[in-house]
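Model, not experiment: these values are computed from the prediction. In what follows, chains carry the letters A, B, and so on, assigned in the order in which the sequence lines appear, proteins first and then strands, with residues in each chain numbered from 1. Excluded from the calculations below are hydrogen atoms, water molecules and symmetry mates; all remaining heavy atoms, backbone and side chain alike, are included.
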Protein chains: 2
Amino acid sequence: MSFAKRDDEKEPKSTVETIQTEILQRICFLDYQPGYQLKEAELAAEFCVSRTPVRDAISRINHLGLVETRNGVGTVVVALSAAQIRHVYDMRLELAKLIGTESPREITRNDCERGQDLLNAAHALLLDFDPRRYVEINHHLHGLIADLIGNSVLQSFWWQTYYQAASTWYQVSLQMGAEVAQALVAELEDINRALEHGDITAIGFIQRTHIGYGYQRINLHLLSPEAK
Amino acid sequence: MSFAKRDDEKEPKSTVETIQTEILQRICFLDYQPGYQLKEAELAAEFCVSRTPVRDAISRINHLGLVETRNGVGTVVVALSAAQIRHVYDMRLELAKLIGTESPREITRNDCERGQDLLNAAHALLLDFDPRRYVEINHHLHGLIADLIGNSVLQSFWWQTYYQAASTWYQVSLQMGAEVAQALVAELEDINRALEHGDITAIGFIQRTHIGYGYQRINLHLLSPEAK
DNA sequence: AATGCGTAAGCTGCATGCAGCTAGCGAGTC
DNA sequence: GACTCGCTAGCTGCATGCAGCTTACGCATT
């Protein structure tokens, strides 16, 4: 099981993996919005490589369903339908319940420190909100929790649904602004409490709760934007 | 969500997808056993294409964790550890429970007929057992059930765990012989009953039950072969 | 002015050649 | 005889060129 990608792991990643992660982040952070056309030659020039590794990276992202490549046309970032977003969130709700049960690993002192760092960063966000920073903190929080999952298959699935859902978060944060920061602080406080107690099962349920909240926000601000 | 692969869909598949499916089946059917070294040039010659599409196909299979590519060495079929097999089965047990709940589609007359065909094929297997035929029927049964899943993310995950577990089934069928055919007949009888009643939730639980039986067989015959 | 067609530009899919890496074998040395 | 070093065969990673497909623009016709 090797597809649980992390962007802060220490070992040097291959060229293709680097490009893949970069493109993925640009999609999640909405640098590439739905409908944007990725051109292999363009990306190849930017990363100073040939089209071959770029093609490879895009081909892998295809598996997540975030882009669609058509011959003679190009690779476009897909706009997930309301039904697909619901499917992703339904699965995340179910997967969250399994985090605590599927052979988790022990919580270490290091985990607690990472949680505290993230909480501090979230507090800073309350004073000076920045959508990109918000998504970055979310990203690190996801990495922290994914690391606790012992079942490698579940870990992989958890990452896959994360990437599929991430861009919607960013859209919401653009519309709601600092409001989402408060929700993030609340989530991190809950999670830090659970980390201190070494209670992974609780972390799963906390995640499940806040995923539910997040989906409510998406329903209000994306799928029914007239209610804004 | 485009990675729910089927080998019997009607639309013409691209070269890369064809090669990918073929290699995947060879791994699942143990034509390529763990440790076998896939050579791009060799496969390219066999499929009468260049190394490029073969590389692409192998790269995609990498996501399933079934092969591992190392520079200068080659691509070898990995042997899943006992822990990984357990992880896959644990996840399949959980996913099976969701089949009936995550927005399934309606059961049609066609589904029932496909189920009957498979049952007949399984009955034939009782008289003249053939391990490959056994796996093929299992494969079609999986396709039938995966088609009933309405949640595209769950459908994708269901296929992913299927490919990760399939090769272990084949190993067991080689050791147990006709015995597994009886289990397959029993499973298909249960599933056909549920199909006739249009009860998808039941199908999920039936799958869950028989996945449990399958894991027991694997524990007996693969992970503790001395108990044979 | 509207419509149909042809053509060209731009993109992806694939083939091929070369560079870099790895492993294994054999010669040389202690 | 055992061990070490170097070389070579074979593989993957990447660059580049060409063919095929798609789209859009412009021109001619009605």
Original post:
Looking at B:T52, does any N or O in its side chain come under 4.0 Å of the phosphate oxygens OP1/OP2 on C:dG13?
Top reply: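 No, B:T52 has no side-chain N/O under 4.0 Å of OP1/OP2 on C:dG13.
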**OP:** Would you tell me if any nitrogen or oxygen in the side chain of A:T15 comes within less than 4.0 Å of OP1 or OP2 on D:dG13?
**Re:**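 Checking A:T15 against D:dG13: no side-chain N or O falls below 4.0 Å of OP1 or OP2.
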Original post:
Can you name the one residue among B:Y89, B:Y162, B:Y215 that meets ring pair (Phe, Tyr, Trp, His ring centres under 6.0 Å) with B:W169?
Top reply: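 Going through the options one by one, the only one that passes is B:Y162.
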[X] has an atom [atom1]; how far is it from atom [atom2] of [N], in whole Å?
{"X": "B:Q37", "N": "C:dT22", "atom1": "CD", "atom2": "P", "answer": "15 Å"}
{"X": "A:F47", "N": "D:dG13", "atom1": "CZ", "atom2": "P", "answer": "19 Å"}
{"X": "B:R51", "N": "C:dC14", "atom1": "CZ", "atom2": "C1'", "answer": "13 Å"}
{"X": "A:E42", "N": "C:dC11", "atom1": "CD", "atom2": "P", "answer": "8 Å"}
{"X": "B:K39", "N": "D:dG10", "atom1": "NZ", "atom2": "P", "answer": "10 Å"}
{"X": "A:R60", "N": "D:dG13", "atom1": "CZ", "atom2": "C1'", "answer": "12 Å"}
{"X": "A:R55", "N": "D:dT16", "atom1": "CZ", "atom2": "C1'", "answer": "14 Å"}
{"X": "B:E68", "N": "C:dT22", "atom1": "CD", "atom2": "C1'", "answer": "15 Å"}

**OP:** Would you mind classifying the nucleic acid contact of A:L38 as base, sugar-phosphate or nothing, using non-hydrogen atoms under 4.0 angstrom?
**Re:**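 Touches sugar-phosphate only.
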Subject >> Electrostatic pair B:E46-B:R51, nearest N-O below 4.0 angstrom >> reply: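 Not counted as a salt bridge, because no side-chain N and carboxylate O are separated by less than 4.0 Å.
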Subject >> Proximity to the side chain of A:S50 - top-ranked nucleotide from D:dT12, C:dC11, D:dC14 >> reply: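 So the side chain of A:S50 is nearest to D:dC14.
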Original post:
In B/S/- notation, 5' to 3', how is nucleotides 19-26 of chain D contacted by protein heavy atoms closer than 4.0 Å?
Top reply: -BBS----
Original post:
Do B:Q160 and A:Q160 have side-chain N/O donor and acceptor atoms under 3.5 Å apart?
Top reply: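 Present: a donor and an acceptor within the cut-off.
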**OP:** Tell me, please, which residues at least two apart from A:D111 pass side-chain hydrogen bond (donor to acceptor under 3.5 Å, both in side chains).
**Re:**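 With neighbours one apart ignored, the set is A:R105, A:T108.
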Original post:
With A:T69, which of A:I61, A:L38, A:T75 fulfils side chain to side chain contact (heavy atoms under 4.5 Å, CB included)?
Top reply: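 Output: one option passes, namely A:T75.
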**OP:** Quick one: closest heavy-atom pair of B:W158 and B:A96, and the distance?
**Re:**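 In terms of heavy atoms, the two residues are closest at CZ3-N, 3.8 Å.
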Subject >> With A:E136, the side-chain hydrogen bond (donor to acceptor under 3.5 Å, both in side chains) member among A:R133, A:H139, A:R132 >> reply: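 Testing A:E136 for a side-chain hydrogen bond (donor to acceptor under 3.5 Å, both in side chains) against A:R133, A:H139, A:R132 leaves exactly one candidate, A:R133.
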